[in-house]
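Down below is the structure, laid out as structure tokens.
It should be emphasised that the depicted structure is a prediction, and the values quoted were computed from it without experimental measurement. Side chains are part of it too, since the values below use all heavy atoms of this structure and drop only hydrogens, waters and symmetry mates. In the text below, chain A, chain B and the rest are named by the order of the sequence lines, each starting its count at 1.
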Protein chains: 2
Amino acid sequence: MTQKSQQLAATAWARLIRAQRTALEKVEQDLKEEDFPPLVWYDVLLELERAPEGMLRHRALNDEMLLPKHNLTRLIDRMEKQGLVCRKSCNIDKRGSFVCILEKGKKLRNKMWPVYEKAIERHFAGKFSSNELNMLADLLARL
Amino acid sequence: MTQKSQQLAATAWARLIRAQRTALEKVEQDLKEEDFPPLVWYDVLLELERAPEGMLRHRALNDEMLLPKHNLTRLIDRMEKQGLVCRKSCNIDKRGSFVCILEKGKKLRNKMWPVYEKAIERHFAGKFSSNELNMLADLLARL
DNA sequence: AAGTAATAGATGTAATTGCAACTAGTTTTT
DNA sequence: AAAAACTAGTTGCAATTACATCTATTACTT
């Protein structure tokens, strides 16, 4: 590890942290301005919608989202309270439970998407050529 | 905006969010395992140490760190309580205040750095060639 | 110079997150 | 088959963060 490569590593690292934080903040801001809930909510809804029958084990959802489990419990609590998702008990494993997306949840996700998409374009993708986006995606995939 | 480029944008975006979150979490974990405070503390200390005379206006520090201001107030409260930094009133602008790094703060930063450096290498930089790191840094600089 | 607007930073309070412990159920070991 | 170890998900409580508001001071306007 030379002095120089060490320097390079630190710079790239700082950029990564900073770039993501900045872009994410702006995107979240755009969503908030339209009175939409935060991005994690969108992520949950998306994962559920993609899953067969619109439902996933709490655990499986947890693995997709990068959240500590207790944290997800409460996120689902809130979303359930809003009527976006619901829990179903699991017959196979009585400890566990499923989380299912409801109509209202699907509708919300659909309304959020165009805003989200535009925000991604504006604050992130728009700043790169498609070549660069590909490169970036490939590089980041290693982490 | 074609369907395909839209898809690409979404993928790259997801990777950015995910990659940063994953890597950051691991690095924070490494620090925590050595009983060090979270990364923001390090950042504050570093900014202060770099600043002339080891002090910065609250505002200036705030601009460097990407934090809401009320949030920084409390972060400094905590760090002050640990004797790492202190506040000094500002003569030029009596509303404002300076934040200064103390000996203990410098020492802490010095002890943290090797651990932090190793963690960056392990969870981030080590996964790329130096060419790639350069590319990544350049690309991310646009955000 | 008086009045209004803007800025620096702090504070009260609510929402969210993190951590440890807990309950209930399942799997493994002996 | 009983005991021990493990897993799924929840809950209590403390720490942190967000949001709105407040105070003191400075800058702008007329």
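Rounded to 10 degrees, the angle between the two end axes of the helix from C/dA1-D/dT30 to C/dT30-D/dA1 is 30°, with five pairs used at each end.
Scanning both residues, A/Ala119 and A/Asp30, for their nearest heavy atoms gives CB-OD2, 3.6 Å. The two residues A/Lys127 and A/Arg122 come nearest to each other via the heavy atoms CE-O, 3.9 Å. Of all the heavy atoms in B/Gln82 and B/Lys104, the pair that sits closest is O-NZ, 2.9 Å. The heavy-atom pair separating A/Glu121 from B/Ala9 by the smallest distance is OE1-CB, 4.5 Å. Across A/Leu48 and A/Cys100, no two heavy atoms sit closer than the pair CD1-C, 4.1 Å. Annotation for B/Ala60 and B/Leu56: closest pair CB-CD2, 4.1 Å, computed over non-hydrogen atoms.
Near-neighbour residues of DNA chain D inside residues 70-95 of chain B, defined by a heavy atom below 4.0 Å, number-ordered: B/His70, B/Asn71, B/Arg74, B/Arg78, B/Ile92, B/Asp93, B/Lys94, B/Arg95. Residues from residues 37-63 of chain B lying near DNA chain D, meaning a heavy-atom separation below 4.0 Å, are absent. Contacts of residues 14-36 of chain A with DNA chain D (heavy atom under 4.0 Å): A/Lys32.
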Begin with the C-alpha distance, continue with both residues' side-chain angles, and end with the deciding distance and a verdict on side-chain contact (heavy atoms from CB on, under 4.5 Å) for A/Leu75 and A/Arg78.
-> CA-CA 5 Å; A/Leu75 176 54; A/Arg78 277 170 251 148; 4.2 Å; yes
Show the numbers, then the answer: is there a side-chain contact (heavy atoms from CB on, under 4.5 Å) between B/Arg57 and B/Asp93?
-> CA-CA 10 Å; B/Arg57 282 290 292 273; B/Asp93 183 340; 3.8 Å; yes
Stepwise side-chain contact (heavy atoms from CB on, under 4.5 Å) check, A/Val99 with A/Val85 | CA-CA 7 Å; A/Val99 184; A/Val85 301; 4.1 Å; yes
After noting the C-alpha distance and the side-chain angles of A/Leu133 and A/Phe124, does the key distance pass the side-chain contact (heavy atoms from CB on, under 4.5 Å) rule?
-> CA-CA 10 Å; A/Leu133 275 180; A/Phe124 170 69; 3.9 Å; yes
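Rounding to the nearest 0.5 Å gives a distance of 6.5 Å between CD of A/Glu25 and CG of B/Leu66. One distance of note links CD of A/Gln20 with CG of B/Leu140; it measures 10.0 Å at 0.5 Å rounding.
Mapping heavy-atom proximity under 4.0 Å, the span of DNA chain C touched by chain A runs 5' to 3' from C/dT16 to C/dT26.
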With a cut-off of 3.5 Å and sequence neighbours excluded, list every side-chain donor-acceptor pair involving residues 31-47 of chain B.
residue : atom : partner  : partner atom : Å
B/Glu33 : OE2  : B/Gln29  : NE2          : 3.3
B/Tyr42 : OH   : B/Arg109 : NH1          : 2.7

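With A/Glu132 contributing its side chain and B/Leu139 its backbone, the two residues share no donor-acceptor pair below 3.5 Å. With hydrogens and angles ignored, the 3.5 Å screen pairs a side-chain donor or acceptor of B/Glu80 with a backbone N or O of B/Arg87.
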